[in-house]
Amino acid sequence: MRQRDQLFQRICTSQTQDVLATIVNVEGSAYVREGSMLLIQENGERFGMISGGCLEEDVVMQAEEVRRQQRAIICTYNMRENEDPIWGEEVGCGGVISVLIEPVTEQLKDSLLNVQHWLRKRQTVVHVKNWCPNEKLVENFFSPRVDQLENRIELGKDVYKMIIRPTPHLIIFGAGQDVQPLVSFAADMGFYVTVCDWREGFIKREQFLKADYLFGQHLPSLLKETMFQSYDFSIIMTHNFQKDQEILQHLLQQNLPYIGILGTKKRTKRLINDNQIPKNLHFPVGLPIGAKGPEEIAISILAELIQEWRKNG
């Protein structure tokens, strides 16, 4: 999640002749999917991932030739059982993976600066790669609007289209001790994390070192000033019934894909006054793994967040 943003930043700021490998097609199973990237820098450093480790070494060798000739290539790895004695089932994958390996150009860097701007605005970006096998050249086009890229698709070229979504943002209401492991685990998994609490004494940076944002102020002001986007996730963990009810009423008006509430089903039904349960409301929050204690509960919550995030690709 967040690693992709860091990869884009590294590409844009590098001053060396780097090479970018991108998975453009997968048939069957694979460790990661289309759009996954690996940056191979001129000094040999790598950033990103295109497999569980079974493809990287060969891709790095291919990247040296791409860097030398400044021409792109596509490498196809057949990982199906009994299909290839080298790249077969023993390496842990079971599909056919096509990897486009291209030199990083100034045009690509300039485009990724725009991509970073759109992603910061929480916009989804469409990425189109036009690959011309005869010329061994790649044209990269990015836009937050699909219709703007239709005229970029050219006959006689292989076209690969991918979707780049904003890094998910988790907004937690409540700053008790049980929130600390959730903040830490979510940040480690790549979420941007915001912690909100009307009790300003609870908002301490030393207790939430991995949180991106901390907000502590009067609850009406907190709700008014917190900006929500359509890709945001929110969880209520204040342990205060009246405040939870006030927060929930506000969140239900924000068109969020996921709202989680810590507490029993009976308590949550009271929070919504026994009205019809909205589809985006999850309670008790987290997957039912029999979790006990803050750390296990945090893991169950994070598992459910990932499950919901992956439902949309």
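Note: hydrogens, waters and symmetry copies are ignored here, and every other heavy atom, side chains too, is used.
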Checklist entry - Can you name the nearest heavy-atom pair linking Gly263 to Thr268, along with the distance? => result O-OG1, 4.5 Å
Item to check | Linked, directly or transitively: Trp309 and Met189 (ILVMFWY side chains, under 4.5 Å) | outcome: yes
Checklist entry - Counting distance only, does the side-chain N/O of Arg205 pair as donor-acceptor with the main-chain N or O of Phe208 below 3.5 Å? => result yes
Item to check | Working for side chain to side chain contact (heavy atoms under 4.5 Å, CB included), residues Phe8 and Met37 | outcome: CA-CA 10 Å; Phe8 288 168; Met37 299 178 180; 3.8 Å; yes
Checklist entry - Just wondering, are more than 12 heavy atoms of other shown residues or ligands nearer than 6.0 Å to CD in Glu206? => result yes
Checklist outcome for this item: Distance col, row Cys196:SG vs Ile203:CD1, nearest 0.5 angstrom, shows 7.0 Å
Checklist outcome for this item: Nearest heavy-atom approach of Lys109 to Cys12 is O-SG, 3.6 Å
Checklist entry - If you group Ile, Leu, Val, Met, Phe, Trp and Tyr by side-chain heavy-atom gaps below 4.5 Å, do Phe47 and Leu20 land in one group? => result yes
Item to check | Spacing of Asp178 atom CG and Met237 atom CE [to the nearest 0.5 Å] | outcome: 4.0 Å
Item to check | Pairwise side-chain contact, Asn114 with Phe142, heavy-atom cut-off 4.5 Å (strictly under) | outcome: no
Checklist entry - At what distance, to the nearest 0.5 angstrom, does CD of Glu200 lie from CG of Leu214? => result 12.0 Å
Item to check | Ser143 side-chain N/O to Arg145 backbone N/O, donor-acceptor pair under 3.5 Å | outcome: yes
Next on the checklist: Please check: side-chain N/O of Arg71 versus main-chain N/O of Glu65, any donor-acceptor pairing under 3.5 Å?
Outcome noted: no
Checklist entry - Just by modelled atom types, is the Gln17 backbone N or O under 3.5 Å from a matching donor or acceptor in the Glu42 side chain? => result yes
Checklist outcome for this item: Rounded to the nearest 0.5 Å, the OG1 atom of Thr167 sits from the CG atom of Asp212 at a distance of 10.0 Å
Checklist entry - Is there a path from Leu38 to Val66 through hydrophobic residues (I, L, V, M, F, W, Y) whose side chains come within less than 4.5 Å of each other? => result yes
Next on the checklist: According to a hydrophobic-cluster definition based on side-chain heavy atoms being under 4.5 Å apart (Ile, Leu, Val, Met, Phe, Trp, Tyr only), do Leu55 and Met49 belong together?
Outcome noted: yes
Checklist entry - What's the spacing between Glu64 CD and Arg68 CZ if we round to 0.5 Å? => result 10.5 Å
Next on the checklist: For Arg4 and Ile164: C-alpha separation, side-chain torsions, deciding distance, then whether side chain to side chain contact (heavy atoms under 4.5 Å, CB included) applies.
Outcome noted: CA-CA 10 Å; Arg4 179 210 56 206; Ile164 305 172; 3.7 Å; yes
Checklist outcome for this item: Ala72 and Leu100 have their tightest heavy-atom pair at CB-CD1, 4.4 Å
Item to check | Arg67 (side chain) donor-acceptor with Ile40 (main chain) under 3.5 angstrom | outcome: yes
Item to check | Short side-chain to backbone donor-acceptor contact, Glu56 and Ile50, under 3.5 Å | outcome: yes
Next on the checklist: If you define the side chain from C-beta out and look only at heavy atoms, does anything of Thr194 sit under 4.5 Å from Leu170?
Outcome noted: no
Next on the checklist: With heavy-atom distances below 4.5 Å as the criterion, would you say the side chains of Arg10 and Asp18 are in contact?
Outcome noted: no
Item to check | Between NZ on residue Lys129 and CG on residue Asp158, distance to nearest 0.5 Å | outcome: 13.0 Å
Item to check | Test side chain to side chain contact (heavy atoms under 4.5 Å, CB included) applied to His250 and Thr226, step by step | outcome: CA-CA 11 Å; His250 182 79; Thr226 301; over 6 Å; no
Checklist entry - Has Gln107 got more than 12 heavy atoms of other residues, nucleotides or ligands less than 6.0 Å from its CD? => result yes
Checklist entry - With distance as the sole test, does Asn43 use its side chain to make a donor-acceptor pair with the main-chain N or O of Glu45 at under 3.5 Å? => result yes
Checklist entry - Within a strict 4.5 Å, meaning less than it, do heavy atoms of the Ile74 and Tyr160 side chains meet? => result yes
Next on the checklist: Taking Ala175's backbone N and O only, do any of them form a donor-acceptor pair with Asp197's side chain (distance below 3.5 Å, no angle check)?
Outcome noted: yes
Checklist outcome for this item: For Ser221 and Gln217, the nearest pair of non-hydrogen atoms, with its separation, is CB-OE1, 3.5 Å
Checklist entry - Can a salt bridge be assigned to the pair Glu34 and Lys161 using a cut-off of 4.0 Å between side-chain N and carboxylate O? => result no
Next on the checklist: With clusters defined by side-chain heavy atoms of hydrophobic residues (ILVMFWY) lying less than 4.5 Å apart, directly or transitively, does Tyr31 cluster with Val99?
Outcome noted: yes
Item to check | Nearest atoms (heavy-atom pairs only) where Val59 meets Ala21 | outcome: CG1-CB, 3.7 Å
Item to check | Hydrophobic cluster of Ile236, others only, ordered by chain and residue number, side-chain cut-off 4.5 Å | outcome: Ile171, Phe173, Trp198, Tyr213, Phe215, Leu219, Leu222, Leu223, Phe228, Phe241, Ile247, Leu248, Leu251, Leu252, Leu256, Ile259, Ile261, Leu271, Ile272, Ile277, Leu281, Phe283
Item to check | Verdict with supporting geometry, Asn273 and Gln245, side chain to side chain contact (heavy atoms under 4.5 Å, CB included) | outcome: CA-CA 9 Å; Asn273 297 315; Gln245 195 167 48; 3.5 Å; yes
Checklist entry - Under the salt bridge (Lys or Arg N to Asp or Glu O under 4.0 Å) criterion, do Asp244 and Arg267 qualify, and how do the steps go? => result CA-CA 10 Å; Asp244 283 0; Arg267 182 179 186 273; 2.8 Å; yes
Next on the checklist: We want to know whether Ser111 and Asn140 form a side-chain donor-acceptor pair, criterion being a heavy-atom distance below 3.5 angstrom.
Outcome noted: no
Next on the checklist: Within the 4.5 Å heavy-atom criterion, are Tyr231 and Gln229 side-chain neighbours or not?
Outcome noted: no
Checklist entry - Do side-chain atoms of Gln253 reach the backbone of Gln249 as a donor and acceptor pair under 3.5 angstrom? => result yes
Item to check | Residue pair Lys121 / Pro144, side-chain heavy-atom distance below 4.5 Å | outcome: no
Item to check | Exercise: identify the closest heavy-atom pair between Ser51 and Cys54 | outcome: OG-N, 3.1 Å
Checklist entry - According to the side-chain hydrogen bond (donor to acceptor under 3.5 Å, both in side chains) rule, which pairs have a member within residues 288-305, sequence neighbours left out? => result Tyr258-Glu304
Checklist entry - Under a 4.5 Å cut-off applied to non-hydrogen side-chain atoms, are Asp232 and Arg122 in contact? => result yes
Checklist entry - For residues 20-29, which residue pairs qualify under salt bridge (Lys or Arg N to Asp or Glu O under 4.0 Å), counting only residues two or more places apart or in two chains? => result Glu27-Arg80
Item to check | Heavy-atom side-chain contact between Ile235 and Leu262 under 4.5 Å | outcome: no
